[in-house]
Amino acid sequence: MKIGFDNDLYLKMQSEHIRNRISQFGNKLYLEFGGKLFDDYHASRVLPGFKPDSKLQMLLQLKDQAEIVIVISAEDIEENKVRGDYGITYDMDVLRLIDAFQSRGLYVGSVCLTKFSGQPSAERFQKQLGEMGIKSYRHYKIPGYPSDVVKIVSDEGYGKNEYIETERPLVVITAPGPGSGKMATCLSQLYHEHKRGIEAGYAKFETFPIWNIPLKHPVNLAYEAATADLNDVNMIDPFHLDAYGETTVNYNRDIEIFPVVNAMFELINGKSPYKSPTDMGVNMAGNCIVDDEACCEASEQEIIRRYYKCLCDKKRYGESKDDQYKLELLMKQAGISIEDRMGAKEAIQVEDATGNPGFAIQLDDGTIVTGKTSDLLGAASAALLNALKYLAKIDDEIKLISPEAIEPIQSLKTDYFGSQNPRLHTDEILIALSVSAARSDVAKKAMEQLTKLNGCEGHSTVLLSSVDEQVLKKLGVRLTCEPKYEETGRKYHKN
């Protein structure tokens, strides 16, 4: 993999920049933290070299100065809103985040329930937090928010919110997901701090879009692809251009809300510290791109992956989201098409030659390994074994797993579990391989290559089962599938 991003430089520059912003505001900064603090795989895919936990590692460099306030909307608690990536409700995710932060030595000061209006489930959650010894506060819905600035910045608006007691110079405001009320929580705290005669500031930390690279740079286009269903649009920041004559990139929601936020700053402190949405940001990622071509290539693949996912979701679930045309436009702007998907051509060639599904994996050195469907294995399982053979320099004719070891597993599936598909999925073939590794040095050598699949590209000519998708995801294979089922005319996908 080509490295396009200097992660060590990023950790150093980002932490220093935040320290400078803290000192700018009298040693008290409320930092709205957007995106994922843990496991930011989107950033690691489009900025090769960016570690998935980079933002967490950066915070750890500031841990003696920082405390964390986790924000959750009472409306989301009442509606049992679920995180799509983890499959858990937002309130349970708050508890997960607390454990995750504390286990890494970061101080979680409290939880803030926003948009509170007496929701019973929110009250129960707050009681649960109290029983666990976790401080919590209520912030209320403000009529006319965000347009009625005069009312919002008054004792009838922010003044009704409970003041969150904090101890450290850097207060990181984070949340389980978007729309939780992070910015409103920061501004409410600025109001209360000002009433108490305490100087405090606000800043925003989001990795994307990257403000100091071009608007149509593939990295920024990949961010639009990732948020296509939210209708986020990257834009030139007109306020920054007007104030400084400098072209920078922001996104529509921050640009649209900036006049309101600016007016709030003026009402709270008498003047605004910022002239543009870009000014509010502290993101240094753009300064740490060391190989622009590598980041462009990685981002183009990410856009194509997002497009394939959209097509597959529509095939599985119907017209649930209207993001296909936006993704097609983004591909056009990037000058790419599905013909540029790594491994797709080779997988389709396997299917054309055999009449059955094919699978291809592009390895770290650019080599593309394929797998075909057989009586024993699905195409993904076959490609997985072939990739391990290649990486371990094992002759293609050598069997890593004997058919005699596979047949009992097939019998278990069909005779006892009632499966109609006797071919082994990727999880089953890996179990068989691990059993073989106990007696076979060749199988053991193949097993030792599994970590080398992390970051490789995979393409299937048919929709895969959820089991295969999850296994490939855990291995770090970046998967795309053609939007069709294995059997012609099949309406519902079967494992």
Distance in Å, [X] [atom1] paired with [Y] [atom2], rounded so as to fall on 0.5 Å steps:
X: Ser299; Y: Leu47; atom1: OG; atom2: CG; answer: 6.5 Å
X: Thr426; Y: Asp468; atom1: OG1; atom2: CG; answer: 3.5 Å
X: Tyr30; Y: Tyr202; atom1: OH; atom2: OH; answer: 13.5 Å
X: Ile68; Y: Leu106; atom1: CD1; atom2: CG; answer: 4.5 Å
X: Ile70; Y: Leu129; atom1: CD1; atom2: CG; answer: 9.5 Å
X: Leu311; Y: Cys481; atom1: CG; atom2: SG; answer: 11.0 Å

So which heavy atom on Leu384 is nearest to which on Leu475, and how close?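 For Leu384 and Leu475, the tightest heavy-atom pair comes out as CD1-CD1, 3.9 Å.
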What pair of heavy atoms forms the shortest contact from Leu424 to Ser381, and how long is it? O-OG, 2.8 Å
Assess, by modelled atom type and distance only, whether the side chains of [X] and [Y] contain a donor and an acceptor separated by less than 3.5 Å.
X: Arg341; Y: Gln301; result: yes
X: Gln126; Y: Ser136; result: yes
X: Tyr390; Y: Thr367; result: yes

Can you name the side chain to side chain donor-acceptor pair (under 3.5 Å) partners of [X], sequence neighbours left out?
X: Asp8; value: none
X: Asp427; value: none
X: Lys182; value: none

Backbone of [Y] reached by a side-chain donor or acceptor of [X] within 3.5 Å:
X: Asp229; Y: Asp323; value: no
X: Ser73; Y: Lys115; value: no
X: Gln128; Y: Glu123; value: no
X: Thr354; Y: Val350; value: yes
X: Asp40; Y: Ala43; value: yes

Phe208 and His42 aromatic ring geometry - parallel, tilted or perpendicular at 30°/60° bounds: perpendicular
Hey, can you tell me if Phe239 and Phe258 have their rings parallel, tilted or perpendicular (30° and 60° cut-offs)? tilted
For Glu428, enumerate each residue passing the salt bridge (Lys or Arg N to Asp or Glu O under 4.0 Å) test, keeping only those at least two apart in sequence or located in another chain.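 Partners of Glu428 by the salt bridge (Lys or Arg N to Asp or Glu O under 4.0 Å) criterion, ordered by chain and then number, come out as Lys413.
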Residues which pass salt bridge (Lys or Arg N to Asp or Glu O under 4.0 Å) with Asp254, listed by chain and number, not counting sequence neighbours: Lys204
Could you check Phe359 against Leu479 for side chain to side chain contact (heavy atoms under 4.5 Å, CB included), going step by step and ending with a plain yes or no? CA-CA 10 Å; Phe359 195 96; Leu479 175 68; 3.7 Å; yes
Would the number of heavy atoms belonging to other residues, nucleotides or ligands and lying under 6.0 Å from CG of Asp375 be above 12? no
Apply the test side chain to side chain donor-acceptor pair (under 3.5 Å) to residues Tyr251 and Asp237: give CA-CA distance (whole Å), side-chain angles for both, the deciding distance (0.1 Å), then the verdict. CA-CA 8 Å; Tyr251 73 115; Asp237 182 347; over 6 Å; no
How would you list, by chain and number, every residue that makes a side-chain contact (heavy atoms from CB on, under 4.5 Å) with Val462, sequence neighbours excluded? Glu351, Pro357, Ser460, Lys484, Glu486
